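Below is one structure, written out as structure tokens; the observations come after it.
Given the structure is predicted, the values throughout are model-derived calculations rather than measurements. Order of the sequence lines sets the chain letters (A, B, ...), proteins ahead of strands, with each chain counted from 1.
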Amino acid sequence: MDKDFYERIFDVVRLIPKGKVTTYGHIARCLGSGRSSRLVGYAMNLSHRQDPLIPAHRVVNRKGLLTGKMHFNDPNEMQRLLEDEGILVKGDQIVNFQDHLWDPAVLADEL
DNA sequence: CTCTTGACTGGTT
DNA sequence: GAACCAGCCAAGA
């Protein structure tokens with residue numbers, strides 16, 4: 001795996017099932033770094049430049065807050081996309097966040 | 001090479 | 001449970 005640090009992150013984010021969300025920390029932990037959660041967010045910044053659109057709207061911080069919505073082309077779009085997938089968002093915060101939380105580790109279990 | 005910044009997290013108070 | 005502080009990793013100036 002000589003892929004760039006970001007490419008690994010993008011891969012995981014793309015694998016997030018529809019209607020599910022995950023946190024930067026879980027992704028970082030899945031990659032092994034664990035504490036590089038900030039890099040995940042940093043990579044998300046570049047996600048919009050990727051050819052295969054990255055579902056960055058499914059990635060939120062541990063509190064379930066749409067911290068990165070302001071970085072989208074249209075901040076309102078992030079919340080709209082989440083609600084479109086059946087995820088309720090109130091005050092930039094995901095309702096029943098834990099219920100929609102998806103851990104990348106389960107992917108390894110399914111494979 | 002050093003300093004600053006960032007879509008974060010965990011532990012303390 | 002909210003607010004504050006410190007730790008960690010990578011990229012850019």
Can you give me every donor-acceptor pair (side chain of residues 44-57 of chain A, partner residue at least two apart or in another chain, under 3.5 Å) with its distance?
{"unit_1": "S47(A)", "atom_1": "OG", "unit_2": "M44(A)", "atom_2": "O", "d": "2.3"}
{"unit_1": "H48(A)", "atom_1": "NE2", "unit_2": "N45(A)", "atom_2": "O", "d": "3.3"}
{"unit_1": "H57(A)", "atom_1": "NE2", "unit_2": "E85(A)", "atom_2": "OE2", "d": "3.3"}

Report summary line: Applying side chain to side chain donor-acceptor pair (under 3.5 Å) to R14(A) and not counting sequence neighbours gives D11(A)
Query raised in the report: If we only count heavy atoms from C-beta on, is the V59(A) to I16(A) side-chain gap below 4.5 Å?
Result: yes
Report task. Scan T23(A) against the nucleic acid and name what it touches under 4.0 Å (heavy atoms): base, sugar-phosphate only, or nothing. Result -> sugar-phosphate
Query raised in the report: Rounded to the nearest 0.5 Å, how far does OH of Y6(A) lie from CG of L39(A)?
Result: 6.0 Å
Query raised in the report: Which is the 5'-most and which the 3'-most nucleotide of DNA chain B that has an atom under 4.0 Å from a heavy atom of chain A?
Result: dG6(B) to dG10(B)
Query - Contact state string [nucleotides 7-13 of chain C, B base, S sugar-phosphate only, - no protein heavy atom under 4.0 Å] - result: BBBSS--
Report task. Mind checking N45(A) for me? I need base, sugar-phosphate or nothing, with any heavy atom below 4.0 Å counting as a touch. Result -> base
Query raised in the report: Under the 4.5 Å side-chain heavy-atom rule for ILVMFWY, direct or indirect, which residues accompany F97(A)?
Result: V21(A), V60(A), L66(A), F72(A), M78(A), L82(A), I87(A), V89(A), I94(A), L101(A)
Requested in this report: With sequence neighbours excluded, tell me which residues meet side chain to side chain donor-acceptor pair (under 3.5 Å) with S37(A).
Outcome: none
Query raised in the report: Considering residues at least two apart in sequence or located in another chain, which fulfil the salt bridge (charged side-chain N to carboxylate O under 4.0 Å, His left out) criterion with D92(A)?
Result: K69(A)
**Report entry** Side-chain donor/acceptor of T22(A) to backbone N/O of W102(A), under 3.5 Å
**Finding:** yes
Query raised in the report: Taking CZ from R62(A) and C1' from dA3(C), how many angstroms apart are they, rounded to a whole number?
Result: 11 Å
Report task. Looking at every strand, decide which applies to A43(A) at a 4.0 Å heavy-atom threshold: base, sugar-phosphate, or nothing. Result -> nothing
Query - Check: H26(A) main-chain N/O paired with T23(A) side-chain donor or acceptor under 3.5 Å - result: yes
Query - Of residues 69-84 of chain A, the positions that come close to DNA chain B - non-hydrogen atoms, cut-off under 4.0 Å - result: H71(A), F72(A)
Query raised in the report: For L81(A), what are the other residues in its hydrophobic cluster, where any two members join if their side-chain heavy atoms are less than 4.5 angstrom apart?
Result: none
